[in-house]
Amino acid sequence: MPLYDSAMESVRWLQHLFGPGPHTFFLTVTYLGASLVLWTVLVLYHWLIDPEFARRLAIVMAASVLTHQTLKVVFGTPRPYDLDVTLSTESARLTGGGPGFPSGHAMNAATFWFAFAFRYGGIRLWMAAVLVVSAVALSRVYLGVHMPADVAGGLVLGAVFAWAAGRWATPRSVSGSRRLWGPLVGLGSLALAFVAGAEPAACGLLAGCCLARPAFEPPRTLGGRLAIVLGGAGVLALLGILLAWLPERIFPGLTGTTVAMYFLFLALALVAFDLWPRVFASMRS
């Protein structure tokens, strides 16, 4: 396709510049922008360090995921390997599917890592954030799974979401209205999933994070930290298994539907960012 000729040449040039040697390195680095990795880190940060900021970033991350998944459907642009399969390996293609613009990994990485830099500041933190985000962005082009424009768009959008998370102040008047706007956002995400056809998993995450209330103090002892992490991992694993298995036994054919995916991710977010920390705190008191 002539429209993408220059972008394809950029991908080929970058691959030629680095050669095949760093393929494994870039394949590893790209996971620093993967949703599963970032959400795992965020949940641990919530349990162990700063529940208030983690919950705030979770809301923004969910909105970011919903945004880039929606934009992918709207623009429907091809990936490099759609036009030339030799530009990527099978392992690289497994890290990204569907339309290209914007890059989800680049947008995730920018949203997540820049949010901490905006939140806490400091030249060292900013340098680390820029290094990680740049490495993820570079990896997406080198692996042949995104055009440069896909990555650039993801970085710009991610930086906007990161600024929102890192600079988001909660005045008392707004804090007092949380009981109202949380359910409203939940209802809005429900409408997006069922009426507008938006990605149900992202909608469920957004609803669960908005409904969560991070009212607990992270444990300070090593034993307490191990207990909240190991116990929480067990609770989330059990919940995921039950919600994936039980509905199918009651309503055959429900697994994988919009209903199932929406409520599965809503429940996981609500338990991770609210219910499990509350249960853990009550067990310690």
Side-chain angles (χ1 to χ4, degrees), residues 25-46 53-75 77 79 88 91-119 125-126 128-168 189 198-210 261 265 268-269 272-273:
F25 169 76
F26 280 120
L27 194 59
T28 302
V29 165
T30 206
Y31 282 100
L32 293 176
S35 290
L36 179 60
V37 172
L38 297 183
W39 280 97
T40 300
V41 174
L42 185 55
V43 169
L44 292 176
Y45 189 82
H46 178 77
F53 175 62
R55 184 258 188 170
R56 180 195 313 172
L57 180 53
I59 293 173
V60 174
M61 280 288 292
S64 174
V65 171
L66 181 58
T67 299
H68 77 66
Q69 289 178 344
T70 301
L71 290 176
K72 283 179 181 292
V73 175
V74 171
F75 287 98
T77 59
R79 293 174 182 264
S88 69
S91 56
R93 291 193 292 273
L94 289 175
T95 67
F101 182 89
S103 166
H105 280 70
M107 191 165 170
N108 284 341
T111 301
F112 187 86
W113 300 109
F114 285 161
F116 283 93
F118 277 120
R119 167 69 170 176
L125 185 55
W126 267 108
V130 169
L131 180 63
V132 171
V133 173
S134 299
V136 172
L138 188 65
S139 74
R140 303 311 286 163
V141 180
Y142 172 85
L143 293 172
V145 294
H146 276 294
M147 307 285 190
D150 302 341
V151 171
L155 291 177
V156 171
L157 291 170
V160 172
F161 278 99
W163 177 85
R167 296 298 187 183
W168 177 3
S189 68
E199 176 61 39
C203 290
L205 276 176
L206 180 59
C209 294
C210 286
M261 295 301 292
F265 281 88
L268 289 172
F273 291 99

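Taking all atoms of both residues into account, the shortest heavy-atom contact from L57 to A115 is CD1-CB, 3.6 Å. In terms of heavy atoms, A165 sits closest to R56 at O-CD, 3.1 Å. In plain terms, the two heavy atoms of R140 and T95 that are nearest each other are NH1-OG1, 3.0 Å. Heavy-atom minimum distance, P99 versus R79: O-NH2, 3.4 Å. Here the shortest heavy-atom pairing between A110 and A162 reads O-CB, 3.4 Å. Shortest non-hydrogen contact noted between L27 and A92 is CD1-CA, 4.0 Å.
Classified by interplanar angle (parallel below 30°, tilted 30° to 60°, perpendicular above 60°), the ring pair F26/Y142 is tilted. Ring pair F101/F75 is perpendicular by interplanar angle, where above 60° counts as perpendicular and below 30° as parallel.
Between H46 and L42 the shortest side-chain heavy-atom distance does not fall below 4.5 Å. No side-chain heavy atom of V136 sits under 4.5 Å from any side-chain heavy atom of W113.
Taking the six-membered ring for Trp, F116 and F53 have ring centres closer than 6.0 Å.
Around the CH2 atom of W126, the shell of radius 6.0 Å holds more than 12 heavy atoms that belong to other residues, nucleotides or ligands.
The distance from the CG atom of L138 to the NE2 atom of H146 is 13.5 Å, given to the nearest 0.5 Å. Here T67 contributes atom OG1 and L157 contributes atom CG; the two are 7.5 Å apart, rounded to the nearest 0.5 Å. To the nearest 0.5 Å, the span separating CG on L71 from CG on D150 amounts to 11.5 Å. Here CH2 of W39 is found 10.0 Å from CZ of F112. Values are rounded to the nearest 0.5 Å. The NZ atom of K72 sits 10.0 Å away from the CE atom of M107 when rounded to the nearest 0.5 Å. Residue L36 holds its CG atom at 4.5 Å from OG1 of T40, rounded to the nearest 0.5 Å.
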Verify side-chain contact (heavy atoms from CB on, under 4.5 Å) between L38 and M61, making sure each step is shown before the conclusion. CA-CA 9 Å; L38 297 183; M61 280 288 292; 4.2 Å; yes
Under the criterion side-chain contact (heavy atoms from CB on, under 4.5 Å), I'd like the reasoning laid out for C210 against L206: C-alpha separation, chi angles, the key distance, then a yes or no. CA-CA 6 Å; C210 286; L206 180 59; 4.0 Å; yes
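With hydrogens and angles ignored, the 3.5 Å screen pairs a side-chain donor or acceptor of N108 with a backbone N or O of G33. Judged purely by atom type and a 3.5 angstrom limit, R55 has no side-chain atom pairing as donor or acceptor with the backbone of F273.
Side chains of T111 and S64: a donor-acceptor N/O pair is present below 3.5 angstrom, by distance only.
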